[in-house]
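For reference, the structure is listed below as structure tokens.
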Protein chains: 2
Amino acid sequence: MTLKELAQKLGLSPTTVSRALNGYPEVNEETRRRVAEAARLHNYRPNTQAKRLATGRAMAIGHVIPLSTRHEIVNPVFADFIAGAGEVYAQSGYDMVLSIVPDADEERAYREVKSKRSVDGVIVHGPRRIDGRIELLDALGLPFVVHGRVSTAARPYAWVDVNNQRAFERATGFLLDLGHRRIALVNGIETMDFAWRRRQGYEAALAARGLVPDPGLMVSGEMTEALGHDAARAMLARPDAPTAFVTASLLIAMGVRRALEETGLRIGRDVSVVTHDDDLGYLQNGGDEPIYTATRSSVREAGRRCAGHLIAMIEAGASMAPPGELLEAALVVGQSTGPLPGAETAIRTVPGIALPVATDARGGDGVAANHAGNGARHDAGHGARSNGLGSKPPAGD
Amino acid sequence: MTLKELAQKLGLSPTTVSRALNGYPEVNEETRRRVAEAARLHNYRPNTQAKRLATGRAMAIGHVIPLSTRHEIVNPVFADFIAGAGEVYAQSGYDMVLSIVPDADEERAYREVKSKRSVDGVIVHGPRRIDGRIELLDALGLPFVVHGRVSTAARPYAWVDVNNQRAFERATGFLLDLGHRRIALVNGIETMDFAWRRRQGYEAALAARGLVPDPGLMVSGEMTEALGHDAARAMLARPDAPTAFVTASLLIAMGVRRALEETGLRIGRDVSVVTHDDDLGYLQNGGDEPIYTATRSSVREAGRRCAGHLIAMIEAGASMAPPGELLEAALVVGQSTGPLPGAETAIRTVPGIALPVATDARGGDGVAANHAGNGARHDAGHGARSNGLGSKPPAGD
DNA sequence: GCCGACACTCAAATCGCTTTGAAGCGTTGG
DNA sequence: CCAACGCTTCAAAGCGATTTGAGTGTCGGC
């Protein structure tokens, strides 16, 4: 059933039928009703391709997923992210088109998508600290939103990111408040922007207590269970083993747990673990009571936000300043953390309910209460700070 | 840069340019070279929409992802599956378009995709034992391949599936060979076809030893870490606690591990665990030596196979009989299994190397050696059986 | 010298929609 | 009575490719 056929059946011209269906004002209400009725009756749907050709809009958003040829890992947060984005696309009538490309071909993929005009904009996944894609897309004139940020970008661009620096600063601070001093970091690959920012946060928290990060306690790699396990095994074998871990993902934390188990240590009592939690649908951090103490921020929500911004940009045309949005992670207290064994503590941690108020082994520094206050389960939560300027965020973020 | 412009620059007609670029024979080789050169120089790419309209082919494959409104879980294997499918699409020049839809709207999504003509075919995800989608798509005349099967389907249809029944029969048999008799099953939701087949396999293995499945040892639910944990906790608290678990996913197995840990039991010694392993990129079952004994089958490979079959069907037109392909899972031996404590065993399991030869506590039944033989690490592996008939597979699968 | 075959190339139609510019028609106001 | 004006509707021209059917020029055979 084409527009022409439908028009014929109705004894109208294609023009009128088109206008009637697309809600143009210059068509008689009675006619519009008739047309709508007939369209429904004959199950008419405009041919997507024809519509796109005529309007010049693809009504589609591209996601170019780099598939590293070396480690071949599909980012596990990806499924949740596109679920969030997909919701928004569906509401706005956009299609989502995915290109899985070997990372060597990534640039070519963007160029192609542009010159083929098959999408109206793209989401950039997995930004690196130094990342040529921003410039490339700017040059191509293809609207885009970055999930994350590129610290080294020269010009404003649109992004949605979690405040990774602050999240890890708080996570580390939380452990420091509990008396821990030897705190390990098991991080993602630090050429990735988010991982680098997380390390900044970790180091900042240590620095605030006058502690120097020990390179032997910092590991970075592909964020797998195996990484957590192997890193923890190695570190726990040292004479000056860490008493706490900060990890970049739930999977890593699970690996650390396995290593602890093998070593005969009890998580939350002998050794504490704080992790970042992307709040993935299939990888929940417990139910009512979190298993791991974690900085939590929903990747799915990030997907929704990215999609929303991108569509706004596309529909506004070039006139719009690129939006930037920083999402705050909540710090939720679970069963994986406790005071440094042997240190005097005022109150024992009661997961998910009370707040740990640790007496710093070296005599408290006043930051404890502050951090504890922020550690409340129902935190400011996913509160977001948004700026319409798209300027590079202050260095501290 | 459009075809017309390019033709003008070359002093040729659009026809000739189009033919030259699309490899038609009736164009002078010299001319073809000139055209190709100019196209590359001006970075010409045919406008996707125009091409699609002209050819009537969308050059795109749809994936309709149902998003359950109740449990809101995005299938974790999904990312790997589309990575596999995406590779194949890229090679063949197809786009992948995803629709994330609340499962109530699923039927509408398929109808829409059909009448809008925005894809040439679809992949069906997460088939249920009773699933109306087969009939729907048949009726719509939209080519499709099912990832999995629908046991109750009346007519042939295209599918790619793992031999779930046999995999779980072998997994259970393996534990039986080790002397275990109280074996728990922590399964996916059994309205899903794959989960139901897995239970069939589990029960068949028990039945082969004259054992009756104990409903108290069978749990099914969303395949999360929490499910594994909670199920194991509950079962282990029983007076007649299981000595072994068969689980449907690595995440469930990790949950069981956590429960064992909490209960003070040692995995692989006190309690054995065999799991199914989808060989996901980000959730590897150890490196050289598997952590969990598992039936392993790559979801990514399944994605590739599905994509390949679908493209073949699309390009062959309606003339082709729907292909069906059954992939066999390998049984790899890891550190999570061992003989029933207290039973006499001939040889202790050496993970990944030797084969367990258990003396059945009740006096062996001859099946042990057989199963042990199949348990070899470098098994038949991903060997596949393919039939060009697309008939419903024999009931035993 | 004429004709058909062959090798190229092209003009124009087509795909199914949107959109521009204009026309039909009944009503008003000067 | 005629021009002007809304309100509707329409014919036709795009959008940018593919594809049909026709046209040109060259060559060999008779």
Side-chain angles (χ1 to χ4, degrees), chain A residues 1-36 38-39 42-60 93-95 112-120 315, chain B residues 1-36 38-39 42-60 93-95 112-120 315:
Chain A
M1 175 61 49
T2 73
L3 183 65
K4 206 156 77 177
E5 288 166 16
L6 187 64
Q8 219 144 29
K9 274 197 207 304
L10 281 161
L12 289 171
S13 77
T15 312
T16 307
V17 176
S18 171
R19 304 217 121 130
L21 293 174
N22 291 323
Y24 281 68
E26 61 268 74
V27 40
N28 191 324
E29 269 318 313
E30 163 59 18
T31 313
R32 190 192 301 282
R33 265 204 325 95
R34 266 180 61 221
V35 171
H42 294 91
N43 192 33
Y44 167 79
R45 290 266 197 305
N47 179 309
T48 317
Q49 325 304 348
K51 185 170 196 157
R52 287 173 174 174
L53 179 57
T55 58
R57 307 204 22 208
M59 290 307 285
Y94 282 78
D95 275 353
E112 209 161 281
V113 118
K114 167 66 182 181
S115 52
K116 293 201 310 181
R117 283 184 196 82
S118 48
V119 301
D120 297 318
E315 309 207 322
Chain B
M1 175 61 49
T2 72
L3 183 65
K4 207 155 75 176
E5 289 166 15
L6 187 65
Q8 220 144 28
K9 275 197 206 303
L10 281 162
L12 288 171
S13 77
T15 312
T16 306
V17 176
S18 172
R19 303 217 122 129
L21 292 175
N22 291 322
Y24 282 68
E26 60 268 74
V27 42
N28 194 324
E29 269 318 312
E30 163 59 18
T31 312
R32 190 193 303 283
R33 265 204 325 94
R34 267 180 59 220
V35 171
H42 294 92
N43 191 33
Y44 167 78
R45 290 268 196 304
N47 179 308
T48 315
Q49 326 303 346
K51 184 169 197 158
R52 286 173 174 175
L53 179 57
T55 59
R57 305 201 28 204
M59 291 307 285
Y94 282 78
D95 275 354
E112 210 160 281
V113 119
K114 167 66 182 180
S115 51
K116 293 200 311 181
R117 284 183 196 81
S118 48
V119 301
D120 298 318
E315 309 206 323

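Just so it is clear: chains get the letters A, B, ... in the order the sequence lines come, proteins before strands, and each one is counted from 1. Hydrogens, waters and symmetry mates play no part in the numbers below; they use all other heavy atoms, side chains included.
Between B/Ala58 and B/Ser118 the shortest heavy-atom distance is CB-O, 3.4 Å. Residues B/Thr2 and B/Tyr44 approach most closely at C-CE1, 3.6 Å, considering heavy atoms. Across every non-hydrogen atom of A/Glu30 and A/Arg33, the tightest pair is OE1-NH2, 2.9 Å. Nearest approach of A/Lys116 to B/Thr48, heavy atoms of both residues: O-OG1, 2.7 Å. In terms of heavy-atom proximity, A/Ala36 sits nearest to A/Leu21 at CA-CD2, 4.3 Å. Taking every heavy atom of both residues into account, A/Pro14 and A/Ala7 meet most closely at N-CB, 3.6 Å.
For the pair A/Arg34 (side chain) and A/Leu10 (backbone), a donor-acceptor distance under 3.5 Å is present.
In this structure, CD of B/Glu29 is placed 19 Å from P of C/dC6, rounded to the nearest angstrom. Across the protein-nucleic acid pair, A/Met59 atom CE and C/dC17 atom C1' stand 14 Å apart, rounded to whole Å. B/Arg52 places its CZ atom 16 Å from the C1' atom of C/dC17, with the value rounded to the nearest Å. A straight line from CG of A/Asn28 to P of C/dG26 spans 14 Å, rounded to a whole angstrom. Here C/dT18 presents its P atom at 8 Å from CG of A/Leu21, a figure rounded to the nearest Å.
Residue contacts for B/Thr31: at a heavy-atom cut-off of 4.0 Å it reaches the sugar-phosphate backbone alone, with no base atom in range.
A donor and an acceptor atom, one from each side chain of A/Arg32 and A/Tyr24, are nowhere located under 3.5 Å apart.
For the helix from C/dG1-D/dC30 to C/dG30-D/dC1, the angle separating the two terminal helix axes comes to 70°, with each axis derived from five pairs and the value rounded to 10°.
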Reading 5' to 3' through nucleotides 13-24 of chain D, protein heavy-atom contacts under 4.0 Å coded B for base, S for sugar-phosphate only, - for none: -BBBBBBBB---
